[in-house]
Amino acid sequence: MSHHYVKFDHVSYTYPNGYRALDDVSLLITHGQKVAVIGANGAGKSTLMLHMNGLLTATEGQVVIGDIPVTPKTLPRIRQTVGLVFQNPDDQLFMPTVADDVAFGPINMRLPDSEVDRRVDMALKAVGAYDLKDRPGYQLSGGQKRSVAIATVLSMEPDILVMDEPSSNLDPRARRMLMRQIEAFDHTCIITTHDLDLALNLCPRTIVMSGGHIAADGPTPDLLADRSLLERASLL
Amino acid sequence: MTAIERALYELNEIDGYACGSSLMHRLDPRAKTIVTLLYIATVLSFRLDSLTGIMSLWIFPILLSALGGISYNRVFVKSLYVLPFIALIGIFNPIFDRRPALTAGHVVITVGWLQFISICLRGMLAVQASLILVMTTGFMKICHGLRRMGLPAVFTTQLLMVHRYLSVLLKEAASMDCARRSRGYGRRHYTPRLWGIFIGQLLVRTVARAGRIHMAMLSRGFDGNAAIRSTMRWSAADTIFLTACAAAFAIARLADLSRLFNILTLR
């Protein structure tokens, strides 16, 4: 088995206010898979995603990323392995220019300047945003911001790419561009989304979440054809 | 455009200027920071009633903004925003010091009023110098320069975060204000209780947003110290700029430039 896998082993998570967002979740995503995580609001998708990057730590069970258990000590390695793209690109872009934002991760990895420059160029070219390199983040359109947000993560050369609602607030053209970009990635991709078309077009496998647990896990066409499952998961 | 949107625009405009490529922009941030600090020290070193000496220093922001390709008018207008706060510092001088200083016809100008004008002028010049520094360098590079000059990372990171969250606060305030106006039906006055709720909500929303940004930073390896690229190179141009400015400030401080100017023009 490849080292680039994501394993949730009976993971539960309860927020400080007592809300149990994940309830005994077990899953295994292997190298190169493109997996959609779908579910209604409050189903636990974002909480699941935050566990993959170590931003939340399981209250029960264990998360393992490529043979490394997610613990406070392993966080730097975990965060190099798993790149997380947040739902709102405005939350992800916080530096004065696009280049500074894309360089933020590699600089934190203490890479030499020449390597930082190479990665910035590579990441921006990968998302077709190289021309925006010197622009301030606040001047970008919604689609451009989304592309740059993905580039900020690609520059860390992660093995696993996790995206939270990547198609939200995008116009049809920007959405099509985003889908083409995701399609071209070789990474293991985990996409939380309400966009069932996007799941169907990009992800051969889908995990349906409901009430903090996994309601179904299987081939996307089969699950999206199951009307009663989608209704139970409040997706119809 | 509302006042909040205007403030956000002004903030973005300052950051936008920093992307220029003028002579000033190309200088090392450390040289510009030291020059700015020297300038402010020179302005503050004049006696309170030495108006002509302080006035002679006005030429430097005009020259430096021209070197930076920035309209001095923009710098001047932006510096006016802080004038009320500066005026508050000297507001009591005209009341307590009523000794006559000048007489213009029947009008007697007291020492207190001279001191008040002096305080306002000093504050304005200091703010203008700081604005030119930020507009020709960018806040991030200034923090980088300060760090390279030995300021502890905890301070430079705090400065960067304050700058970042200022725009977060303004954006949240702008969206709340937009929602309030859209359902306000022209109402302009609200009870203190409602304002309290608005401000409380603004705080809660800003903290929540700041939390999301912090998570985005953590996920990209942020460990409490803002990592910045070490691309700064001190060149001969920086040494010349620093030396020339320091010499000019010293001359302005030690010689009364306005008197020299008068002598030269009379000849």
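Between Arg175(A) and Asp171(A) no salt bridge is recorded (no basic side-chain N to carboxylate O distance below 4.0 Å). Salt-bridge annotation for Glu13(B) and Arg6(B): absent, with no side-chain N of the basic residue lying under 4.0 Å from a carboxylate O of the acidic one. One finds no salt bridge joining Arg110(A) and Glu115(A) here, because no Lys/Arg side-chain nitrogen approaches an Asp/Glu carboxylate oxygen to under 4.0 Å.
Interface residue Leu50(A): only side-chain heavy atoms are found under 4.5 Å from chain B. In this structure, chain B has a heavy atom under 4.5 Å from the side chain of Phe86(A), while its backbone stays farther away. Ser155(A) does not touch chain B: none of its heavy atoms, backbone or side chain, sits under 4.5 Å away. With a 4.5 angstrom heavy-atom cutoff, Met109(A) does not touch chain B via any of its atoms.
With respect to chain B, the highest number of heavy-atom pairs below 4.5 Å among Asn53(A), Asp91(A), Val153(A), Ile78(A) belongs to Asp91(A).
Side-chain atoms of Arg146(A) come within 3.5 Å of backbone N or O of Gln87(A) as a donor-acceptor pair. Side-chain N or O atoms of Asp238(B) include one that pairs as donor or acceptor with a backbone N or O of Ser235(B) at under 3.5 Å.
Between Phe249(B) and Phe60(B), the ring planes are perpendicular. Angles over 60° get that label, and only those under 30° would be called parallel.
When the heavy atoms of residues 190-211 of chain B are compared with those of chain A, the residues falling under 4.5 Å are Arg209(B), listed by number.
With no hydrogens or angles considered, a side-chain donor-acceptor pair links Thr192(A) and Asp164(A) at under 3.5 Å.
Remark: Tyr13(A) engages Tyr15(A), His51(A) in a ring-ring contact (aromatic ring centres under 6.0 Å, His included) (not counting sequence neighbours).
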